[in-house]
Protein chains: 2
Amino acid sequence: MKHAHTHDLEHDLLAAAQWCAKRGEKLTDQRREVLALLLSAQGSMKAYDLLAEIQKQRPTAAPPTVYRALDFLVTAGLAHKLESKNAFVACCDFEHPHHGLMLICDRCHKVTELSDERLAARLAEDAAGHGFSVAAQDIEVRGLCRNCRDGDTKGAA
Amino acid sequence: MKHAHTHDLEHDLLAAAQWCAKRGEKLTDQRREVLALLLSAQGSMKAYDLLAEIQKQRPTAAPPTVYRALDFLVTAGLAHKLESKNAFVACCDFEHPHHGLMLICDRCHKVTELSDERLAARLAEDAAGHGFSVAAQDIEVRGLCRNCRDGDTKGAA
DNA sequence: CCAAAGACGTTATGTTATAACATCTAATGC
DNA sequence: GCATTAGATGTTATAACATAACGTCTTTGG
Ligand SMILES: [Zn+2]
Ligand SMILES: [Zn+2]
Ligand SMILES: [Zn+2]
Ligand SMILES: [Zn+2]
């Protein structure tokens, strides 16, 4: 079981590459590296933290290196930006475009992405009621995850 | 009718001062100036735009001047931060704490704050279903407001 | 081969936000 | 009144987040 995570990671990266190909785009090495970091992270990652990781293998990497990769991943639906944290997370289910609802733990910083179509529908309904047509939505919730709320101390930063 | 806006503004500022007093805090001159700018703005305002306005009357003002005022206003519920724009808006109804839903027009940049308790409840329910306890929530919707959708050209930036 | 498009390298800069410490002011208790 | 103290502000510097601009390289299709 030692390499279970690695195996899942490879599987996810392959699926992401296929998803890109389906869209007529390419998951290049740099994009793959950034996505791999996001997939491996416990919570979200900041752009400059990603940059620091990338620089371990590619010392000449600069901010545009990682921001370009992030832009690509977000546009392709492979990752999401957490606006309230200026941080990024891998999407949990990029093959099924959705309106994610992000649960962000203030204590262990873990992020859980939910999808609730009825919630999104209600949102669109509220907006329509004011003559507003929705192009994009962002729902971020801060609080405590189950572990942290139950007094677990292992997840603390 | 020429001074209707001014009158509303003074009324709102008075109400805000009373709201602060009720909380054992003070709406100082600087805080009042920032709030007045937010109340008078058509859409949201960025911190450094607020700073530029403040500096017209108080040339020594620096970033902490405006960020401190904004922190106070947001904490007191008198203003909200739009995380997706790094910008700020006055709250439409600070005397009735709520979970605002922000409709942000991509064309004229106007912001409409709605309150939908059922939406907030659904959100909390989704979170609870995953063992997550909600401390704060942020819902931001981008799109086109009624005027802009209908082809009005007056509101363009 | 050649042209065009996409990706990447590189430098510099723009934008957003806070740390840290000094000073001032207002409220409290004596 | 006067010291104490908490809150607010002044001031300088820097941290953190993000993009502009331009050059080069690689891939791909004619
Ligand atoms: Zn997702
Ligand atoms: Zn947690
Ligand atoms: Zn509000
Ligand atoms: Zn509009």
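Letters A, B, ... mirror the listed sequences (proteins, then strands); counts begin at 1. In this text, all values refer to a predicted model and were calculated from it rather than measured experimentally.
The distance from atom NZ of B:Lys26 to atom P of C:dC24 is 18 Å, rounded to the nearest whole Å. Between A:Leu27 atom CG and C:dG6 atom C1' the separation is 15 Å, expressed in whole Å. Atom pair B:Glu25:CD and D:dG7:P shows a separation of 10 Å (rounding to whole Å applied). To the nearest angstrom, P of C:dT16 lies 8 Å from CG of B:Asp49. The CG atom of B:Leu51 sits 12 Å away from the C1' atom of C:dA17 (whole-angstrom rounding). Taking atom CD of B:Gln55 as the reference point, atom P of D:dG10 lies 12 Å away to the nearest angstrom. Protein atom CG of B:Asp29 is 15 Å distant from nucleotide atom C1' of D:dG7, rounded to whole Å.
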Practice task
Before giving the answer on side-chain contact (heavy atoms from CB on, under 4.5 Å), spell out for A:Leu119 and B:Leu123 the whole-Å C-alpha distance, their side-chain angles and the decisive distance to 0.1 Å.
Solution key: CA-CA 7 Å; A:Leu119 185 76; B:Leu123 197 63; 3.5 Å; yes
Practice task
Give the intermediate values and the outcome of salt bridge (Lys or Arg N to Asp or Glu O under 4.0 Å) for residues B:Glu53 and B:Lys56.
Solution key: CA-CA 5 Å; B:Glu53 290 300 315; B:Lys56 288 179 181 173; 3.1 Å; yes
Practice task
Kindly indicate, with the supporting measurements, whether the criterion side-chain contact (heavy atoms from CB on, under 4.5 Å) is fulfilled by A:Glu33 and A:Leu37.
Solution key: CA-CA 6 Å; A:Glu33 285 174 37; A:Leu37 286 168; 5.5 Å; no
Exercise for the section: Might you work through the side-chain contact (heavy atoms from CB on, under 4.5 Å) test for B:Phe88 and B:Leu82, ending with a clear yes or no? Expected result: CA-CA 6 Å; B:Phe88 300 84; B:Leu82 300 181; over 6 Å; no
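Contacts of A:Gln30 with the nucleic acid, taken as non-hydrogen atoms under 4.0 Å apart, involve only primed sugar atoms and P, OP1 or OP2.
Contacts of A:His98 classified as ring pair (Phe, Tyr, Trp, His ring centres under 6.0 Å), with partners at least two apart in sequence or in another chain: A:His80.
When side chains are defined from C-beta on, B:Met102 counts as touching B:Val89, because their heavy atoms get closer than 4.5 Å. Two residues are said to be in side-chain contact when any heavy atoms from C-beta on lie closer than 4.5 Å; A:Lys81 and A:Asn86 meet this criterion.
For DNA chain D, the neighbouring residues in residues 81-91 of chain A, judged by any heavy atom under 4.0 Å, are A:Lys81, A:Asn86. Looking at residues 61-79 of chain A, you'll see A:Pro63, A:Pro64, A:Tyr67, A:Arg68 sit with a heavy atom under 4.0 Å from some atom of DNA chain D.
Between the side chains of B:Glu83 and A:Ser84, no donor N or O sits under 3.5 Å from an acceptor N or O. Side chain to side chain, A:His11 and A:Asp8 fail the donor-acceptor criterion of an N or O pair below 3.5 Å.
Taking 4.0 angstrom as the limit, A:Lys46 places a side-chain polar atom (N or O) nearer than this to OP1 or OP2 of D:dC17. In this model, the phosphate group of C:dC8 is not approached by any side-chain N or O of A:Arg58 to a distance below 4.0 Å at OP1 or OP2.
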